[in-house]
Amino acid sequence: DLNKTDYFNLTLQPNIIFDLPNSNHAQGSCVIGNILYSYVESNFPNGDLYKFDIVNGITAGKIENKKLYHGNDMTYIGNNIYVASCKNDLGELLNKTICVYDTVNNVVSELNPFVNINRNYIFGISSYDDHTLLCGLANTEALTDLSFYLYDINTYEVSEITISNTNNIPTNMYYAHQSLEYMNNKIYLMNSLNDCLIEFNVEEGNANINTIYNLPLVDNNGQIIGEYEGISKCSVFGNNALMLTSIVTDNTYNNIKTISE
């Protein structure tokens, strides 16, 4: 719960810890009901969607070999999971495609609404309402070099949300955009350099940088959190709750990578 802050330092309670069967890397995630979906690159540009039951703390299956590229961030509307591709077939930060995984028909399609937008890649995606996606695009991984756009999946209309910083919060030390989420008229942008959540207040088509929450290196149990990867609204734990996913590489056990939620 984002109301639980201590001088803008967040504390995190672990929910699920899962050891991947190989050294592939986990990326974006989203929560649908009580199921967490986490994308794991397995045969780039393809990967697998791991499913976890976050109420009972157990695995719930795996959807294999879907072309979601880097799968940097995910969200859902209706029966579809929308994925920020981020990287192209060559692994370059040059992909603005939104991948769409149909959970009913088990197929992937692609949307390209940002062809004429002067940005190199899409790194973040969130549901804005029941027919609109909030998307984060950038040319570099610097906080000062990104844009937010709204994409209506019914009308195909694209509109930009301008960004301001009236509180003059320093922005020159935050890089590596991992994920974003929209909730209660706020955008939460998660970066891994430094580990933080950057909160924007959204009003009348503008996103104003409001607060920066520092993310911890360890959870409440003292376990290393690792690299933050995904963020998603999670009503299972309350209307204001966010679930974060991360990945840890443990070189003492044959490079096992562990997903933490």
Nearest-0.5 Å distance, CG of residue Leu146 to CD1 of residue Ile122 = 12.5 Å
Answer with yes or no whether the side chains of [Y] and [X] bring together a donor and an acceptor at under 3.5 Å.
X	Y	value
Asn79	Asp102	no
Gln178	Glu227	yes
Glu157	Tyr151	no
Asn65	Asp48	no
Glu41	Asn24	no
Asn72	Tyr69	no
Asp195	Ser192	no
Ser29	Thr245	yes

Decide if atom [atom1] of [X] counts as having more than 12 heavy atoms of other residues, nucleotides or ligands within a radius under 6.0 Å.
X	atom1	answer
Asn116	CG	no
Asn118	CG	no
Asn154	CG	yes
Leu217	CG	no

Any donor-acceptor pair under 3.5 Å linking the side chain of [X] with the backbone of [Y]?
X	Y	answer
Asn139	Asn120	yes
Asn165	Ile169	yes
Asn208	Ile163	no

For [X] versus [Y], what's the shortest heavy-atom pair and its separation?
X	Y	result
Gly28	Met74	O-CE, 3.6 Å
Asp73	Ile125	OD2-N, 2.9 Å
Ile209	Asn167	O-ND2, 3.3 Å
Tyr188	Tyr213	CE2-CE1, 4.4 Å
Ile161	Asn206	CG2-C, 3.8 Å
Lys233	Ser127	NZ-OG, 3.2 Å

Residues two or more places apart in sequence or in another chain: which of them pass side-chain hydrogen bond (donor to acceptor under 3.5 Å, both in side chains) with Thr75?
->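 Here no residue qualifies.
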Sequence neighbours excluded, the answer for side-chain hydrogen bond (donor to acceptor under 3.5 Å, both in side chains) partners of Asn191 is His177
Do the ring centers of Phe52 and Tyr37 come within less than 6.0 Å of each other?
->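 Aromatic pair excluded; centres sit 6.0 Å or further apart.
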Would Tyr50 and Phe18 count as a close aromatic pair, with their ring centres under 6.0 Å?
->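 Yes, close enough.
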In sequence, state the C-alpha distance, the side-chain angles, and the governing distance for Asn34 and Asp53, and then conclude on side-chain hydrogen bond (donor to acceptor under 3.5 Å, both in side chains).
-> CA-CA 6 Å; Asn34 67 321; Asp53 182 331; 3.2 Å; yes
In terms of hydrophobic clusters joined by side-chain contacts under 4.5 Å, are [X] and [Y] together?
X	Y	value
Val83	Tyr121	no
Leu150	Val202	yes
Leu134	Leu189	yes

Test applied, side-chain hydrogen bond (donor to acceptor under 3.5 Å, both in side chains); reference residue, Lys67; option that passes from Asp89, Asn43, Asn46 | Asp89
